[in-house]
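Worksheet: the structure to be examined is printed underneath.
Bear in mind the structure is a predicted one, so any value in this text is a computation, not a measurement. The analysis underlying the following values was restricted to heavy atoms, covering all of them including side chains, and did not include hydrogens, waters or symmetry mates.
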Amino acid sequence: ASAQAFDRAAFQAKGIADTLKALGAADATESKDVTIVSPDIAENGAVVPVGIRSGVAKTQMMALLIDKNPNALAAAYDLLEGAAPEVNMRVKMGQSSDVVAVVKADGKFYMARKEIKVTLGGCGG
Amino acid sequence: MADPMKIRASAKDGVVDVRVLMAHEMETGQRKDASGNVVPAWFISDVTASLNGKEVLKAHWGPAISKNPYLQFKINGGKAGDKVTVSWVDNKGDKRTDETTVS
Amino acid sequence: GMSLPAFASSDAGAEALYDIPKFGNVSLLHFTDCHAQLLPIHFREPSVNIGLGDARGRAPHLVGEHLLKAFGVKPGTAEAHAFTYLDFEAAARTYGKVGGFAHLSTLVKRMKASRPGALLLDGGDTWQGSATALWTNAQDMVDACKLLGVDVMTAHWEFTYGEKRVQEIIEKDLKGHIDFVAQNVRTTDFEDPVFPSHVIKQINGVPVAIIGQAFPYTPIANPRYMVANWSFGIRDEDLQKVVDEVRGKGAQVVVVLSHNGMDVDIKMASRVSGVDAIMGGHTHDGVPQPVMVRNAKGTTLVSNAGSNGKFLGVLDFDVKNGKVADFRYRLLPVFSNLLPADKAMQAYIDKVRSPFKARLEETLAITEGLLYRRGNFNGTFDQLILDAMMEVKGAEIGFSPGFRWGTSILGGQAITREHVMDQTAITYPYTTLTDMSGEMIKTVLEDVCDNLFNPDPYYQQGGDMVRVGGLEYTCDPMADMGKRIVDMRLNGKPIDAKKTYKVAGWAPVAEGAKGEPIWEVVETWLKANKTVSPRKANLPRLVGMDGNPGMA
Ligand SMILES: [Mn+2]
Ligand SMILES: [Mn+2]
């Protein structure tokens with residue numbers, strides 16, 4: 001399956017709702033088959049490792065949104081023939097935020113949400 | 001010209017695990033320099049990965065991807081000896097392509 | 001329980017406490033968070049250690065009488081003194097000091113004699129916390145641990161000596177003696193393992209796997225630049241892979257030597273299966289009996305062995321037909337009056353201290369009141385540090401980190417330079433004086449408060465609340481993040497979000513911070529005061545905590 005040209009306008013959207021709309025994913029449903037793999041507390045807000053896994057058959061696209069970033073969309077991936085529904089990346093987060101993974105599979109959209117904390121640090125036992 | 005990527009690709013049970021480290025500033029466009037001027041955004045916007053010349057993954061990135069980007073993905077149906085090629089292009093038109101052999 | 005007359009006769013007292021019957025065929029001895037205390041010390045357990053949600057009223061969130069009752073410890077006994085703050089000064093005078101490597105060594109030898117093949121596990125926070133550890137760049141503790149017979153270790157504060165020093169010690173000193181294990185430390189580039197994840201040892205013919213779990217939030221709680229090329233995290237999915245791997249290799253007992261902190265360990269035990277025991281540290285909880293946690297395939301016992309060399313955990317497993325059939329656990333207090341000093345260890349300690357002895361033992365002031373640190377919100381020794389810092393630096397507000405290490409001093413005793421270093425000996429001791437907006441002050445307090453009271457333990461870092469001088473506030477631990485700190489006041493007047501205040505602090509985690517070391521600031525103040533009147537710890541007004549068994 002060949003992907004359609006990606007519309008980069010989605011990178012200009014702000015917040016989760018508008019970005020989902022820009023991705024054509026406004027009707028995405030929460031799904032347990034979409035998982036976000038990341039630390040609960042970021043070691044370094046400039047380098048936060050985040051992975052997306054999809055267990056939905058015929059996954060064709062995966063995207064990562066960070067609610068509190070100036071623009072929510074961080075990355076989108078077209079999975080062509082052969083690609084497994086699993087990508088890992090490292091992203092910047094200015095502050096604690098929900099992150100949302102969006103998956104398009106067989107033309108439908110699914111999503112998952114998770115909080116990642118960015119803390120000032122210090123202290124300890 | 002940008003520094004080469006570091007690419008690792010290894011096959012296990014018919015699945016190729018690919019890990020890529022790219023050298024790039026990934027300037028957000030939000031930061032100000034010492035004299036208060038906004039440093040323009042400068043980031044890798046598109047990445048393409050191929051197995052034996054056939055495209056398997058296209059990444060579309062914004063400036064929220066960290067400096068010196070890391071990308072890990074998996075390809076079904078690959079094996080040792082296959083060729084993995086990764087290319088990127090940034091928003092200024094700079095580009096880079098590197099290749100490795102699956103171990 | 002043991003009555004005072006029995007304790008007074010040291011042989012009978014020692015017998016009652018330490019002659020515990022051997023059980024089973026695989027024994028593990030565990031100490032953790034000794035914070036480089038080579039000599040016997042006093043250490044007051046907390047009177048405030050709040051647990052919320054699932055953790056309310058569950059170990060380790062039980063203090064004083066609540067703890068005694070939950071574990072059947074008789075009040076007024078040596079054990080009651082070891083496990084609680086109750087009647088602390090009087091009991092400390094009665095039962096004497098605790099810990100000390102020479103006394104711990106005697107106990108370790110005694111346990112090894114009755115439990116052939118027993119392994120000694122060191123849970124970390126071993127190389128930091130004293131003047132001599134800092135001044136010898138951790139070497140005094142590394143050599144002491146080799147002499148003590150440590151078999152396996154993991155780490156936290158060890159990393160604050162920097163990546164290079166840690167690697168150097170592993171290469172030069174530990175190799176062939178002590179296995180340094182940590183499954184959850186990876187390189188920041190390709191996420192390659194930095195340390196071996198585990199070691200498998202044969203104990204009386206039984207293969208036993210010890211998996212290491214270093215403190216997951218080291219680059220957050222401590223300066224990241226010290227471990228710039230390493231990434232940490234809980235990584236419980238990776239832990240499950242290691243557990244499956246060692247079971248596949250034939251391990252009949254699987255133990256995680258953890259520095260997660262006890263609440264994180266309890267959650268981890270519910271998510272990972274195939275682990276017999278998590279022997280934990282970091283939160284410095286002296287918990288008499290393990291918490292049993294059910295998970296998908298069985299039950300995991302979770303223990304925590306206190307701090308400052310006060311305790312030795314003894315875990316006996318009965319392994320039958322290739323698996324654990326039963327266990328016994330004891331957390332033994334190390335009373336230095338009941339355990340004669342091991343001669344070889346004492347000689348080593350004397351030798352390693354001798355170049356520094358005069359400097360360590362110099363009296364800086366006399367304290368009239370009890371000085372201690374441990375507790376969720378403040379301790380009197382922290383208050384002393386705050387008072388000294390604010391006065392010497394000319395600040396109206398002081399912040400002092402919520403460390404859980406630091407020994408206690410009884411009223412009437414001398415405060416020596418060594419005591420000050422026991423509270424402050426870190427590799428980033430800089431003091432700072434900052435203009436902070438009221439808004440920023442609130443942000444800082446909220447951030448630390450969430451690290452302590454987030455309902456999900458994986459979002460906690462396991463320290464205590466930042467100690468606050470000058471500023472009064474109200475804390476509602478059960479509120480959401482950003483809403484726990486209210487009614488902040490300075491000299492009775494509400495804090496203005498837009499106004500700036502002079503705030504003194506120490507132990508900055510940011511790179512490039514500079515400033516006079518905290519121990520010099522405290523020393524200046526102590527020498528000027530000579531006698532320190534009893535400190536009244538500045539505590540927040542708490543909301544909704546009435547009746548919580550984590551409060552005295
Ligand atoms: Mn500790
Ligand atoms: Mn610790």
Side-chain angles (χ1 to χ4, degrees), chain A residues 15-16 30-55 62 64 66-70 74-75 77 84-101 112-125, chain C residues 33 125 156-157 186 188 191 215-224 227-228 230-235 237 259 261 281-285 307 374 399-405 443-444 446-448 450-452 454 456-467 481-482 505 507-510:
Chain A
I16 299 293
E30 302 246 352
S31 168
K32 282 206 161 63
D33 292 324
V34 178
T35 38
I36 298 169
V37 180
S38 79
D40 299 309
I41 309 179
E43 288 180 2
N44 177 356
V47 192
V48 185
V50 185
I52 306 174
R53 313 266 183 278
S54 170
M62 307 207 285
L64 181 74
I66 303 166
D67 190 21
K68 299 250 177 90
N69 272 8
Y77 299 86
E86 172 176 343
V87 291
N88 292 290
M89 70 206 96
R90 294 171 187 163
V91 297
K92 298 167 199 160
M93 293 178 64
Q95 55 183 307
S96 297
S97 174
D98 275 5
V99 300
V100 168
R113 184 184 289 264
K114 176 182 179 180
E115 185 199 1
I116 300 178
K117 215 166 105 171
V118 179
T119 150
L120 301 170
C123 294
Chain C
D33 296 82
D125 282 0
H156 166 203
W157 276 90
R186 306 296 165 86
T188 49
E191 298 184 9
F215 178 49
Y217 294 126
T218 301
I220 302 167
N222 306 101
R224 189 172 61 238
V227 283
W230 296 347
S231 175
F232 292 65
I234 298 171
R235 300 180 190 266
E237 287 182 4
H259 202 96
H282 181 62
T283 35
H284 294 198
D285 304 306
S307 71
R374 184 71 207 283
F399 283 165
S400 186
F403 295 140
R404 292 190 170 190
W405 41 273
T443 301
V444 169
E446 290 283 4
D447 191 80
V448 185
D450 193 61
N451 288 335
L452 191 56
N454 192 298
D456 182 342
Y458 277 19
Y459 287 89
Q460 301 169 3
Q461 289 166 37
D464 278 315
M465 185 67 187
V466 59
R467 280 62 174 126
M481 163 120 190
V509 292

Any heavy-atom pair between the side chains of A:Glu43 and C:Tyr217 that's under 4.5 Å? no

Take atom CD in A:Glu30; do more than 12 heavy atoms of anything else shown fall under 6.0 Å from it? yes

Between C:Ser231 and chain A, with a heavy-atom cut-off of 4.5 Å, which part of the residue counts as in contact: side chain, backbone, both or neither? both

Separation of C:Gln461 CD from A:Thr119 OG1 (nearest 0.5 Å): 5.0 Å

At a 4.5 Å cut-off on heavy atoms, which part of C:Pro223 comes close to chain A: side chain, backbone, both, or neither? neither

Counting only N and O atoms by type, is there a donor-acceptor contact under 3.5 Å from the side chain of C:Asp447 to the main-chain atoms of A:Leu120? yes

Any chance you could measure C:Thr188, atom OG1, to A:Asn44, atom CG, to the nearest 0.5 Å? 10.0 Å

Quick one, A:Ile41 and C:Gln460 - any side-chain contact, counting heavy atoms below 4.5 Å? no

Using a 4.5 angstrom heavy-atom cutoff, name the option from C:Met481, C:Glu191, C:Arg374 with the most pairs to chain A. C:Glu191

Interface moiety of C:Asp450 toward chain A, non-hydrogen atoms closer than 4.5 Å: both

